[in-house]
Amino acid sequence: MEAVLEAAGALGGPGGMRLHLHAWRPAAPRGVLAIVHGLGAHIGRYDWHGRYFASHGLAVYGYDQAGHGRSGGVRGHTPGYGA
C-alpha cells in the first residue's frame with residue numbers, strides 16, 4: 001500500500017462562503033475520485049472511503065456542502081427547489 005497524505009482546507013463558495021475541503025492523496029495517484037455527500041451529512045463521514053481509495057492509488061477529494069459540516073451557511077437551508 002502507498003502512503004496516504006491527508007489534507008484539509010477551504011474553497012471559495014457562492015457569495016464568498018467558505019466551503020470545507022478534505023483530500024486523501026497517495027504518493028503517486030493514478031486517478032482522481034470526487035465524493036459529494038448527501039443531505040444532512042458531511043465529508044468526515046467518508047473518511048474510511050477516502051483512505052481506502054487513496055491506499056489503492058486514487059487521489060480523493062470531497063467538501064462539505066453549504067450549511068453542512070464545517071462549511072459556512074445556514075444549516076439545512078436551501079435557496080429553492082426550482083430548476
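Atom set for the values below is all heavy atoms of this structure, side chains included, hydrogens, waters and symmetry mates excluded. Count residues from 1 along the sequence. Bear in mind the structure is a predicted one, so any value in this text is a computation, not a measurement.
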- [ ] Answer whether the closest heavy-atom distance between the side chains of His37 and Arg45 falls below 4.5 Å.
- [x] no
Open item on the list: Taking Val36 as the starting point, is it possible to reach Val60 by hopping between hydrophobic residues whose side chains are less than 4.5 Å apart?
Closed with: no
Task: Nearest-0.5 Å distance that lies between atom CH2 in Trp24 and atom OH in Tyr46 - done: 10.5 Å
Open item on the list: Please give me the minimum heavy-atom distance between Ala66 and Met17, naming the atom from each residue.
Closed with: CB-SD, 3.3 Å
TODO: Verify the ring-centre separation between His56 and Tyr52: is it less than 6.0 angstrom?
DONE: yes
TODO: Find out whether Gln65 and Leu19 are in side-chain contact, i.e. whether some heavy atom of one side chain is under 4.5 Å from a heavy atom of the other.
DONE: no
Open item on the list: Check whether Arg30 reaches the backbone of Ala59 with its side chain - one donor and one acceptor, N or O, closer than 3.5 Å.
Closed with: no
Open item on the list: So, using side-chain hydrogen bond (donor to acceptor under 3.5 Å, both in side chains) as the criterion, who are the partners of His42 when residues are at least two apart?
Closed with: none
Open item on the list: Quick check for you: to the nearest 0.5 Å, what is the distance between Leu11 atom CG and Asp64 atom CG?
Closed with: 10.5 Å
TODO: Would you name the heavy atoms of His22 and Ala8 that are closest together and state the gap between them?
DONE: ND1-CB, 4.1 Å
- [ ] Check side-chain hydrogen bond (donor to acceptor under 3.5 Å, both in side chains) between Arg51 and all other residues, then give those that pass, not counting sequence neighbours.
- [x] Glu6, Asp47
Open item on the list: Checking the side chain of Arg25 only, and the main-chain atoms of Leu58 only, is there a donor and an acceptor separated by less than 3.5 Å?
Closed with: no
Open item on the list: Take a 6.0 Å sphere around CZ of Arg70 and say whether it holds more than 12 heavy atoms from other residues, nucleotides or ligands.
Closed with: no
Open item on the list: Contact between Val32 and Tyr61 at the side-chain level, heavy atoms closer than 4.5 Å - yes or no?
Closed with: yes
Open item on the list: Using side chain to side chain contact (heavy atoms under 4.5 Å, CB included), reason through Ile43 and His20 one step at a time and then give a plain yes or no.
Closed with: CA-CA 9 Å; Ile43 200 60; His20 175 73; 4.1 Å; yes
Task: Separation between CD1 of Ile35 and OH of Tyr63, rounded to the nearest 0.5 Å - done: 12.5 Å
